[in-house]
Amino acid sequence: MIHKYDALVLGGGAAGLMCAVEAGKRGRRVAVLERAERLGKKILISGGGRCNFTNIHCSAANFISSNPIAIQEVTRADEFVVKDGEEEFRAPALVVATGGLSIPKMGATGFGYDLARQFGLGIRETRPGLVPLLFGAEDSRHYTELAGVSAEVIAACEGQHFREKMLVTHRGLSGPAILQISSYWRKAESILIDLAPDQEVNAGLLEATAPRNIAALRAALRRFLPNRLADRWLEIHEPKSLTNVSLKEVERKIHNWALVPAGTEGYGKAEVTAGGVDTDELSAKTMESRKVPGLFFIGEVVDVTGHLGGFNFQWAWASGASAGRAL
Ligand SMILES: Cc1cc2nc3c(=O)[nH]c(=O)nc-3n(C[C@H](O)[C@H](O)[C@H](O)COP(=O)(O)OP(=O)(O)OC[C@H]3O[C@@H](n4cnc5c(N)ncnc54)[C@H](O)[C@@H]3O)c2cc1C
């Protein structure tokens with residue numbers, strides 16, 4: 001059976017729904033083709049971090065196909081044709097809003113990237129973003145038993161830094177500071193962690209009359225870090241002597257704890273996918289492909305990744321609205 005519309009939207013997440021609502025307001029007949037059994041699943045689960053948007057009361061009910069969709073192919077002659085078994089959807093415009101690769105068990109697929117390649121659009125390499133990092137073997141031996149311990153730190157790499165909470169997990173590090181920096185981290189690079197931002201931990205020990213021993217150093221570090229983390233960190237980084245020079249070196253290390261993560265927890269735990277359809281391929285005003293008129297890419301499938309704090313939904317809403325107003 002053939003269904004004809006003004007526009008087809010592949011993916012009923014934040015970006016796809018916003019796009020359909022905006023196009024619908026302008027009288028366009030839009031079909032949202034969604035493969036999962038439920039629309040907008042990520043909108044519903046968000047907030048575990050810092051969900052910054054205030055409501056989801058935009059209804060796209062008029063535009064939604066109620067059938068689960070397993071799209072087999074998309075072709076284009078004079079219009080776009082999307083085939084799903086015996087069903088065929090046709091429209092002069094196609095909006096790809098299939099999201100990224102993060103959380104495959106919620107319906108994430110690489111279909112949007114396949115479509116971009118099929119139509120000759122460039123893709124920036126994808127990688128998990130906003131994702132916990134894994135300890136290397138040695139750090140794993142030292143720190144995983146501290147799972148659950150957290151501290152406010154500054155995590156830095158690639159010229160970026162984030163001052164937020166860090167959480168030790170059974171496999172590595174998480175918490176907002178680590179999730180934020182993970183979006184910049186590249187394999188084999190180190191991240192630097194400032195364990196006592198804005199503090200001079202050893203200042204007291206450097207005074208002439210102060211007792212100078214490991215217990216005093218441990219007590220100084222415990223003022224800024226949870227005891228278990230302070231004790232373990234000092235065990236691993238215990239100086240051979242307590243001269244002024246070595247105390248200054250310990251201070252430097254406290255503010256520059258260098259770790260080389262073995263990797264990330266992967267797309268299964270990533271809040272977003274970094275990379276994606278190259279923004280150079282798209283009109284910044286409408287999100288339409290410069291090469292293929294009528295083909296749009298919006299939301300997470302595009303190479304735009306936000307920080308924690310609502311920025312990814314903001315991108316999904318904004319890019320969806322821009323495309324919806326251009327259909
Ligand atoms: C646990 C978690 C918490 C988050 N919290 C926040 C937060 O608090 N604030 C924030 O800004 N961002 C948050 N995010 C990120 C945010 O959810 C995403 O950036 C946003 O949902 C992306 O919207 P999208 O529409 O581009 O993609 P998605 O929401 O992923 O929607 C894509 C849709 O396309 C469908 N689809 C995929 N392949 C096909 C196909 N072949 N055919 C048809 N349909 C297909 C999928 O089933 C899905 O419904 C969070 C993400 C996660 C995983």
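Owing to the predicted nature of the structure, the values given are computational and were not obtained by experimental measurement. Just follow the structure's listing: the first ligand is 1, and inside any ligand the first atom is 1.
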* Asked: Between Arg29 and Asp6, is there a side-chain N and carboxylate O pair less than 4.0 Å apart?
  -> no
* To do: Compute the shortest N/O to N/O distance between Ala14 and ligand 1 and return yes if it is under 3.5 Å, no if not.
  => yes
* With a cut-off of 6.0 Å (strictly less than), are more than 12 heavy atoms of other residues, nucleotides or ligands near CZ of Arg26? -> yes
* For ligand 1, which atoms, with element, lie under 4.0 Å from some heavy atom of Thr109? -> 37 (C), 38 (N), 39 (C), 41 (N)
* To do: In plain terms, say whether Lys248 and Glu251 are close enough for a salt bridge, that is, a side-chain N and a carboxylate O under 4.0 Å apart.
  => no
* Can you sort out which atoms of ligand 1 are near Leu33, meaning under 4.0 Å from one of its heavy atoms? => 43 (C), 44 (N)
* To do: Would you indicate which of His307, Glu271, Lys42 comes nearest to atom 50 (C) of ligand 1 when only heavy atoms are counted?
  => Glu271
* Are Ser319 and Ser322 close enough that a side-chain donor and a side-chain acceptor fall under 3.5 Å? -> no
* **Closest to atom 47 (O) of ligand 1 among Arg35, Met18, Glu34, Glu300 (heavy-atom distance)** => Glu34
* Examine ligand 1 and decide if any of its atoms is less than 4.0 Å from a heavy atom belonging to Ala108. => no
* Contact partition for Ile103 relative to ligand 1, non-hydrogen atoms under 4.0 Å -> side chain
* **Proximal candidate to atom 32 (C) of ligand 1 [heavy atom criterion; set Gly309, Ala97, Gly11, Ala270]** => Ala97
* Side chains of Ser241 and Arg212: closer than 4.5 Å at any heavy-atom pair? -> no
* Near-ring test Trp257/Tyr143, centroid separation under 6.0 angstrom -> yes
* Structure fact -> Quick look: Phe311 vs ligand 1, heavy-atom contacts under 4.0 Å, and the answer is backbone
* To do: May I ask you to decide if the ring planes of His307 and Phe162 are parallel, tilted or perpendicular, using 30° and 60° as cut-offs?
  => perpendicular
* Under 3.5 Å, N or O to N or O, is Leu10 touching ligand 1 that way? -> no
* Salt-bridged, Arg117 to Asp114, with N to O below 4.0 Å? -> yes
* Under 4.0 Å from ligand 1, counting heavy atoms only, is it the side chain of Phe313, its backbone, both or neither? -> both
* Gly299 heavy atoms, cut-off 4.0 Å: which ligand 1 atoms fall inside? -> 26 (O)
* To do: Show which atoms of ligand 1 fall inside a sub-4.0 Å distance from at least one heavy-atom site of Gly310.
  => 9 (N), 10 (C), 11 (O)
* Quick one: which ligand 1 atoms are inside 4.0 Å of a heavy atom on Phe111? -> 41 (N)
* Asked: For Ala15, is at least one N or O under 3.5 Å away from an N or O on ligand 1?
  -> yes
Got a list of side-chain donor-acceptor pairs under 3.5 Å for residues 166-178, not counting sequence neighbours?
from, atom 1, to, atom 2, distance (Å)
Thr169, OG1, Arg171, N, 3.1
Thr169, OG1, Gly172, N, 2.8
Thr169, OG1, Gly172, O, 3.1
Arg171, NE, Glu265, OE1, 3.1
Arg171, NE, Glu265, OE2, 3.1
Arg171, NH2, Glu265, OE1, 3.3

* Kindly state whether the ring of Trp315 and the ring of Phe311 have centres lying under 6.0 angstrom apart. => no
